[in-house]
Amino acid sequence: MSVYTEVGRDELIAFIGEYAVGNLIDYQGISAGIENTNYFVTTDQGEFVLTLFEQHEFAELDYFLEVMTFFFKHGIPSAHPAEDKQGNYLKSLCGRPAALVMRLAGHTVDQLATLGQCEAIGDMLAQMHLVGEKFKHRRATQRGAEWRESMAETLLPHMSAEQAEMLKAELDFQQHYSDLELPWGVTHSDLFRDNALFIDDELQGIIDFYFACDEFLIYDLAVAVNDWCVNEQGLIDNERYQCLMNAYLQRRQLNEAEQSNWNLVCRAAALRFWLSRLQDQLFPREGEMTQIKNPDAFLKILQQHRHNPLSLNTLQNA
Ligand SMILES: Nc1ncnc2c1ncn2[C@@H]1O[C@H](COP(=O)(O)OP(=O)(O)O)[C@@H](O)[C@H]1O
Ligand SMILES: N[C@@H](CCOP(=O)(O)O)C(=O)O
């Protein structure tokens, strides 16, 4: 969903007037997206995206704006937040925290990804992980093992006996996730096809850093593989997988611990989105325009990882 909070024209004119971005010409609610309210905003000086944060309070939002600014300044194509006349990135609108960011060119990938797009994402994700070593702000994940366990508890009573049994077995398998000693740092943690903008195979930008957090770097990689590499059958496709992974590995090799835990982390990443999509389906939030993504897509990916683990052997890791 995208418009949980409706913004009136006069309110927006007053809000825009606090920035040096020109006068409002037009604005339009964006139907894509799930977490926040988003509008495309056109002024006589440019194109922007207005986000009203629906899930976060003021205090925690600085981190995300720091992440976006950091990546932008370090050559990762991402949307720089606009500063108001007082130098603030974060403001208040309609009782919600709000930010205005640059509108990037291109379109999100609404179809299956091309091999070129998989390669571009693998390459950019590795660059983010390398440059991210210098990022000093810390934020714990909100969708980690603890969240997965407690959300599973909430959802178990609503599941078929077969799915509930599988979920319990999966939680059992993943029970030591938090004890793993794997390279970690700032991650996007939601780098799906609908969070990257492309013109053909040229990556224009990465958006929606609002799940960014400290996580295992290969969790971020697994999130991307689980979405970018799917084929018509909704399964991870070997060709796309090879393209994304080889592009990543050319810049950043996986150490032994990462290699031996790759299947576990791919499963944790699939489980996270299966559970969050089930949560959205079973407990939808109210709004004017809504979209709920299909949880079964991630059940299928999770099953694939359980029965046919992705190999690292044919890839270019040293
Ligand atoms: N900086 C941006 N430039 C261009 N389009 C954007 C930008 N930010 C968001 N969008 C558009 O808005 C949609 C929803 O944004 P997103 O951040 O994914 O929302 P949500 O946080 O609600 O999931 C995207 O799919 C994209 O089409
Ligand atoms: N990418 C997740 C949902 C998170 O919402 P987003 O629209 O903010 O990316 C999914 O596909 O389930």
Student: Using a strict 4.0 Å threshold on nitrogen-to-oxygen distance, state whether Asp214 and Arg139 make a salt bridge.
Tutor: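 Here Asp214 does not pair with Arg139 in a salt bridge, since their nearest N and O are not under 4.0 Å apart.
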Student: Under a 4.0 Å threshold between the charged nitrogen and the carboxylate oxygen, would Arg148 count as salt-bridged to Glu153?
Tutor: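 Here Glu153 does not pair with Arg148 in a salt bridge, since their nearest N and O are not under 4.0 Å apart.
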Student: For residues Leu93 and Ala98, report the shortest heavy-atom separation together with the two atoms involved.
Tutor: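 The answer is CB-CB, 3.8 Å.
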Student: Can you list the steps and then say if Tyr177 with Phe216 is a ring pair (Phe, Tyr, Trp, His ring centres under 6.0 Å)?
Tutor: CA-CA 10 Å; Tyr177 181 93; Phe216 300 138; 5.1 Å; yes
Student: Test of understanding: with side chain to side chain donor-acceptor pair (under 3.5 Å), list the residues that count as partners of Glu119, not counting sequence neighbours.
Tutor: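 If we apply the side chain to side chain donor-acceptor pair (under 3.5 Å) test to Glu119, skipping adjacent residues, there are no hits.
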Student: Less than 6.0 Å separating the ring centroids of His158 and Phe283?
Tutor: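 Ring centroids of His158 and Phe283 are less than 6.0 Å from each other.
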Student: Inspect the contact between Asp194 and Lys293 and indicate whether a charged nitrogen and a carboxylate oxygen are less than 4.0 angstrom apart.
Tutor: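 Judged by the 4.0 Å cut-off on N to carboxylate O distance, Lys293 and Asp194 do form a salt bridge.
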Student: Does any pair with a residue in residues 87-106 pass salt bridge (Lys or Arg N to Asp or Glu O under 4.0 Å), and if so which ones, sequence neighbours excluded?
Tutor: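 For residues 87-106: Glu18-Lys91, Glu47-Arg103, Glu54-Arg96, Asp84-Lys91.
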Student: So does Gln28 have more than 12 non-hydrogen atoms from other groups sitting under 6.0 Å from CD?
Tutor: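 No, CD of Gln28 has 12 or fewer neighbouring heavy atoms, counting only those of other groups under 6.0 Å.
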Student: A quick test of your reading: do over 12 heavy atoms of other residues, nucleotides or ligands sit less than 6.0 Å from CD of Gln45?
Tutor: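 Yes, enclosed.
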Student: Hey, would you say the Phe198 and Trp228 ring centroids sit under 6.0 Å apart?
Tutor: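 Under 6.0 Å, so yes.
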Student: Test the Arg267-Phe173 pair against the cation-pi criterion, namely NZ or CZ under 6.0 angstrom from the six-membered ring centroid and within 45° of the ring axis.
Tutor: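 Yes, Arg267 sits over the ring of Phe173.
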Student: Count the heavy atoms of every other residue, nucleotide or ligand shown that sit under 6.0 Å from CD of Glu83, and state whether that count exceeds 12.
Tutor: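 Correct, the count exceeds 12.
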Student: Compute the ring centroids of Phe70 and Phe135, then answer whether they are less than 6.0 Å apart.
Tutor: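 So the answer is yes for these two rings.
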Student: Can you tell me if Asn88 uses its side chain to pair, donor with acceptor, with the backbone of Leu90 under 3.5 Å?
Tutor: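 The answer is no, because no donor-acceptor pair under 3.5 Å joins these two groups.
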Student: Within a strict 4.5 Å, meaning less than it, do heavy atoms of the Ser92 and Phe15 side chains meet?
Tutor: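 The answer is no, as the side chains (C-beta and beyond) never meet within the 4.5 Å cut-off.
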Student: Going through the distances and angles, do Asn23 and Thr43 end up as a side-chain hydrogen bond (donor to acceptor under 3.5 Å, both in side chains)?
Tutor: CA-CA 5 Å; Asn23 298 312; Thr43 74; over 6 Å; no
Student: Under 3.5 Å, is there a donor on one side chain and an acceptor on the other for Asp123 and Gln127?
Tutor: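 Asp123 vs Gln127: donor-acceptor pair found between side chains.
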Student: Please work out which of the three classes, parallel, tilted or perpendicular, describes the rings of Phe192 and Phe298, given edges at 30° and 60°.
Tutor: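 Answer is tilted, since the angle falls between 30° and 60°.
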Student: Does a sphere of radius 6.0 Å around CD in Gln175 hold more than 12 heavy atoms from other residues, nucleotides or ligands, not counting ones at 6.0 Å or beyond?
Tutor: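 It does: Gln175 CD has more than 12 such atoms within range.
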Student: Please find out if less than 6.0 Å separates the ring center of Tyr39 from that of Phe48.
Tutor: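 No, they do not, as the ring centres are separated by 6.0 Å or more.
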Student: Using a distance-only test with no angle check, is there a side-chain donor-acceptor pair under 3.5 angstrom linking His305 and Asn263?
Tutor: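 Asn263 and His305 do not have a side-chain donor-acceptor pair below 3.5 Å.
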Student: With side chains defined as the heavy atoms from C-beta onward, is the minimum distance between Leu50 and Leu12 less than 4.5 Å?
Tutor: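 Yes, close enough: below the 4.5 Å cut-off.
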Student: Could you check whether any side-chain heavy atom of Met245 comes within less than 4.5 Å of a side-chain heavy atom of Leu310, counting everything from C-beta outward?
Tutor: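 When only atoms from C-beta onward are counted, Leu310 and Met245 do not touch, as no gap falls below 4.5 Å.
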Student: Using the ring of each side chain (for Trp, its six-membered ring), is Tyr210 parallel, tilted or perpendicular to His56, with breaks at 30° and 60°?
Tutor: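 Aromatic pair Tyr210/His56 classed tilted.
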Student: Mind checking whether Phe209 and His188 have ring centres under 6.0 Å apart?
Tutor: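 Yes - the distance between ring centres of Phe209 and His188 falls below the 6.0 Å cut-off.
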Student: May I ask you to check whether over 12 heavy atoms, not counting those of Asp26, lie within 6.0 Å of atom CG?
Tutor: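 Correct, the count exceeds 12.
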Student: For the CD atom on Glu11, are there more than 12 heavy atoms of other groups (residues, nucleotides or ligands in this structure) within a distance under 6.0 Å?
Tutor: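 Above 12, so yes.
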